[in-house]
Amino acid sequence: MRNAVNSSLNFTPTLHQAADFRALANRYAAQLQLCCQRSPNSYTLARTVHAHMMTSGFKPRGHILNRLIDVYCKSHNLKYAHHLFDKILEPDIFARTTMISAYSASGNLKRARNIFDDIPISMRDTVSYNAIITACSHNSDGHAAMEVFRDMLGRCFRPDNFTYTSVLSALRLIAHEEGECQQLHCALLKSGTSCCTSVLNALLALYVTCASSPLVLASSVMSAARKVFNEMTEKDELSWTTMITGYVRNDNLDSAEEIFELMREKLVVAWNAMISGYVHHGFYLKALEMFRRMSLVGVQQDEFTYTSVLSACADAGLFRHGKAVHACILRKEAKHGPDFSVSVGNALITLYCKYGKVHEAQHLFEEMPMKDLVSWNAVLSGLLDNAYIAEAKQFFSEIPEKNLLTWTLMISALAQNGFGEEGLKLFNQMRVEGFQPCDYAFAGAIIASANLGAFEHGRQLHAQLVCFGYESSLSAGNALITMYGKCGDVQDAHCVFLTMPFVDSVSWNAMIAALGQHGYGYQALELFEQMQEAQIIPDRITFLTVLTACSHAGMVNQGCHYFDSMYACYGITPGEDHYARVTDMLCRAGKFSEAKELIDKMPFEPGAPVWEALLAGCRLHRNLDLGIEAAEKLFKLIPEHDGTYILLSNMYAIVNRWDDVAGVRKLMRDRGVKKEPGCSWIEVENKVHVFLVDDAVHPEVQEVYDYLEQLGLRMRELGYVPDTKFILHDMEPEQKEYNLSTHSEKLAVAYGLLKLPLGATVRVFKNLRICGDCHNAFKFMSKVVQRRIVVRDGKRFHHFRDGDCSCGDYW
């Protein structure tokens, strides 16, 4: 009896403790329930509640731990959530599913999959399967999602609406054939979930995505989507916009318009889809009309509306309309937040830059309350596109965080605007700072090498390009054709062209230009014919390259034929540059009456390039009277250009009119015009060596002079005689011969013969036209030393071999 009483007394406090524990647990559970909302305050409250538990000695179990894990997961404190999860000896399905969803949201699919795989089969349910399928789908692993779904069906778990929504989303990532969509569609019909709007929306999205696959007939797949759409008993905003965007993406704007007009309540997303579709397909006026309708019916435009409309204005040449849209934005700006300003601000910067209003664009940039990298790149691109190179350099240095696009824009612009050396230095700096160059960055660096004539450097870049796996890149391939062409290796240029997996009009143009520059006129025209047979439509650049090839090869009749065909056959109106090429072609051939007739019949006032071509031809054929007329025109158009004075002075000197020579030179001095000094350069052992006329600066120049003197003796034995008529100064014959021997191109070629390996091709580049005596001398040199010599002057290439030149002395 006594023992029974004692036992009763001992048991009573335990009952009280249990009651207190339940009350405390319920109180904590209620408090944690308040923390379910995603906000910083909820997270702070949860930590406070948890801290109180620990200080009070309360040890949470079961649903309390689940609540804490849920709150920490929603607050992105996965580390502590997992710490609590590990404390549970046998976590229930709620805790496991919570952790799966949390790791999915953080992008850690591997951890989510590990937790799911550890769930005993007997504990799994549809919700846990849904969680891991969603995790796979959200992390772009469609195959894994479908594998889990098949496992779910194989273990006889019943999919619900959420399962099918997630599976359909996952299949969008990997479905490339209509049959894959149809199989899941059939499974959905058999399951009885085909009346749920969210599931049908996911099915619509699947069909729409699959319609963009190259393996299907888009119209057939979109017809299946339309059938699903038409049979839906309830359609929501997503249903309508999915169909509209599907038709837009698959180039069926008529059907998109039909769906749009059927909508009773046209939501802003649908309007934006239509406007974006019109812009994407080049129907800019329709996009603007849709924007106007949107305003008339009172639909509030958002940042997506404005960016699409501003893009339409930029692409369609409607700058005034763009400014009107800008004014509309300014009236409504106060209603929107800073994020709105960033996306729309970037579109406005692009608009203003595209129409040369760079300083207005910079002002917009400075006024933006928030900027992103797109903003910085847009201004940089605008400065570069409008040739504000100095300002662009300064702006580039101020960009706080550069990405690969930033570097590529700057490298390409420097390469294309005569700053090749700076472009290559920037390319190297980019790599030092840890950026892996893309194919466009390589293309910029290769073009820089081309313009510098840095042949070996260009070849090294080609090798690196292959190592990075960009050998099939179109932009890089086009750059390589240009590089090899400009560096004197037209065979390698042709090899690159032939091995490119895909070529476009730029590729054909680059190859035709390379052949034309090297004097292979007939091959250039043959390639042009092949281009047309390949159904590549020539553009104005194509005809520039063709006309240049005809000019260098003396193919006057063919050149005139192609010039006449520009408009007659292709609807391309010849520009001033085309007229200048034809003028050059006619003048080289001595057909001055035809050239003058062409100039007189031009549909616009001839500019400097045309008169320069005429003057150069007059200098070549000593047509003094017409040359004086051309020079007078140029003195008015470009009085600061030294070439006009030099050519006219040379023409006077040829006929010994030394007083007129002195008059021209005095005119140069009076106007402050300075002659560009002739210089030549050659690359030896990855270093560029530059030589000036009568050079005394290069450290090895005396060795070069000594070598030239020895070489000259051997050349004279073969019949070489210095042609002093190319020294257009009034001096003694001996002094003229000496001056000829100090021309920069001779020094550069001699240096190459001295320093390059025996048998290596000597490649020299000159900023001005090669002189006639040097041209003749190089023919003798190539025969004496049995070496191939390639010289690129300001106009074209000359390949000297065995006493002959590729130009056939027509230059």
Side-chain angles (χ1 to χ4, degrees), residues 65-66 69-70 73-74 78 81-82 85-86 88-210 213 215-216 221 224 228:
L65 274 175
N66 287 347
I69 291 170
D70 185 45
C73 285
K74 288 177 179 175
L78 270 178
H82 201 97
F85 180 76
D86 287 341
I88 307 174
L89 293 177
E90 292 292 337
D92 62 15
I93 193 63
F94 178 85
R96 295 173 192 263
T97 304
T98 300
M99 292 303 299
I100 291 170
S101 299
Y103 277 119
S104 168
S106 70
N108 194 337
L109 179 59
K110 183 178 179 181
R111 293 294 292 271
R113 189 63 191 263
N114 288 341
I115 292 173
F116 176 79
D117 290 341
D118 288 339
I119 302 175
I121 302 299
S122 59
M123 187 185 289
R124 293 182 187 179
D125 60 6
T126 299
V127 177
S128 60
Y129 270 102
N130 290 348
I132 191 60
I133 291 171
T134 302
C136 295
S137 177
H138 285 179
N139 289 277
S140 303
D141 193 343
H143 292 288
M146 298 308 297
E147 178 189 333
V148 174
F149 179 61
R150 284 190 289 268
D151 179 71
M152 179 183 184
L153 296 176
R155 298 185 186 278
C156 299
F157 287 91
R158 184 178 178 82
D160 59 13
N161 292 344
F162 194 87
T163 313
Y164 279 109
T165 302
S166 298
V167 170
L168 288 163
S169 298
L171 189 57
R172 285 176 60 192
L173 302 169
I174 57 174
H176 298 295
E177 296 184 4
E178 188 175 358
E180 297 170 300
C181 305
Q182 291 172 339
Q183 286 177 10
L184 195 53
H185 190 175
C186 290
L188 192 151
L189 292 171
K190 291 176 183 178
S191 71
T193 59
S194 57
C195 294
C196 176
T197 302
S198 61
V199 174
L200 291 175
N201 283 343
L203 180 62
L204 282 177
L206 171 62
Y207 275 118
V208 163
T209 303
C210 186
S213 168
L215 303 179
V216 302
V221 181
V228 172

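- A search for side-chain hydrogen bond (donor to acceptor under 3.5 Å, both in side chains) contacts involving T209 returns R172, not counting sequence neighbours.
- Taking 4.5 Å as the limit, some side-chain heavy atom of C210 sits within range of a side-chain heavy atom of V216.
- Every residue meeting the ring-ring contact (aromatic ring centres under 6.0 Å, His included) condition with F157, not counting sequence neighbours, appears here in chain and number order: Y129.
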Return all side-chain donor-acceptor pairs below 3.5 angstrom for residues 179-186, not counting sequence neighbours, or 'none' if the list is empty.
residue : atom : partner : partner atom : Å
E180    : OE1  : H176    : N            : 2.8
E180    : OE1  : E177    : N            : 3.0
Q182    : NE2  : E178    : OE2          : 3.3
H185    : ND1  : Y207    : OH           : 2.9

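- Pairs passing the salt bridge (charged side-chain N to carboxylate O under 4.0 Å, His left out) check and including a residue from residues 115-141, sequence neighbours excluded, read R113-D117, R124-D151.
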For this session: For side-chain contact (heavy atoms from CB on, under 4.5 Å), just list the numbers for V167 and I133, CA-CA rounded to whole Å, side-chain angles, deciding distance to a tenth of an Å, and then say yes or no.
Result: CA-CA 7 Å; V167 170; I133 291 171; 3.9 Å; yes

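- Counting heavy atoms from C-beta outward, D160 and T163 have side chains that approach closer than 4.5 Å.
- Between F85 and T98, the closest side-chain pair of non-hydrogen atoms is not below 4.5 Å.
- Every residue two or more places apart in sequence or in another chain that forms a ring-ring contact (aromatic ring centres under 6.0 Å, His included) with Y103 is listed here: H82.
- The side-chain hydrogen bond (donor to acceptor under 3.5 Å, both in side chains) test applied to S137 returns no partner, not counting sequence neighbours.
- Residues R96 and P120 form a side-chain contact, since some pair of their non-hydrogen atoms from C-beta on lies under 4.5 Å apart.
- In this structure, CG in N201 is found 8.5 Å from SG in C196, a value given to the nearest 0.5 Å.
- By the side-chain contact (heavy atoms from CB on, under 4.5 Å) test, R158 pairs with no residue at all, sequence neighbours left out.
- Residues forming a side-chain contact (heavy atoms from CB on, under 4.5 Å) with K190 (at least two apart in sequence, or on another chain): none.
- From S128, atom OG reaches atom CD1 of I115 across 12.0 Å, with rounding to the nearest 0.5 Å.
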Problem set entry | L204 and L200: CA distance, side-chain angles, deciding distance, side-chain contact (heavy atoms from CB on, under 4.5 Å) verdict | CA-CA 6 Å; L204 282 177; L200 291 175; 5.6 Å; no

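- With hydrogens and angles disregarded, a donor-acceptor distance shorter than 3.5 Å links the side chain of S101 to the backbone of T97.
- In this structure, the side chains of V199 and L203 stay at 4.5 Å or more apart for every pair of heavy atoms.
- Rounded to the nearest 0.5 Å, atoms CG (N161) and OG1 (T126) are 11.5 Å apart.
- Residues satisfying the side-chain hydrogen bond (donor to acceptor under 3.5 Å, both in side chains) criterion with T165, sequence neighbours excluded, are absent altogether.
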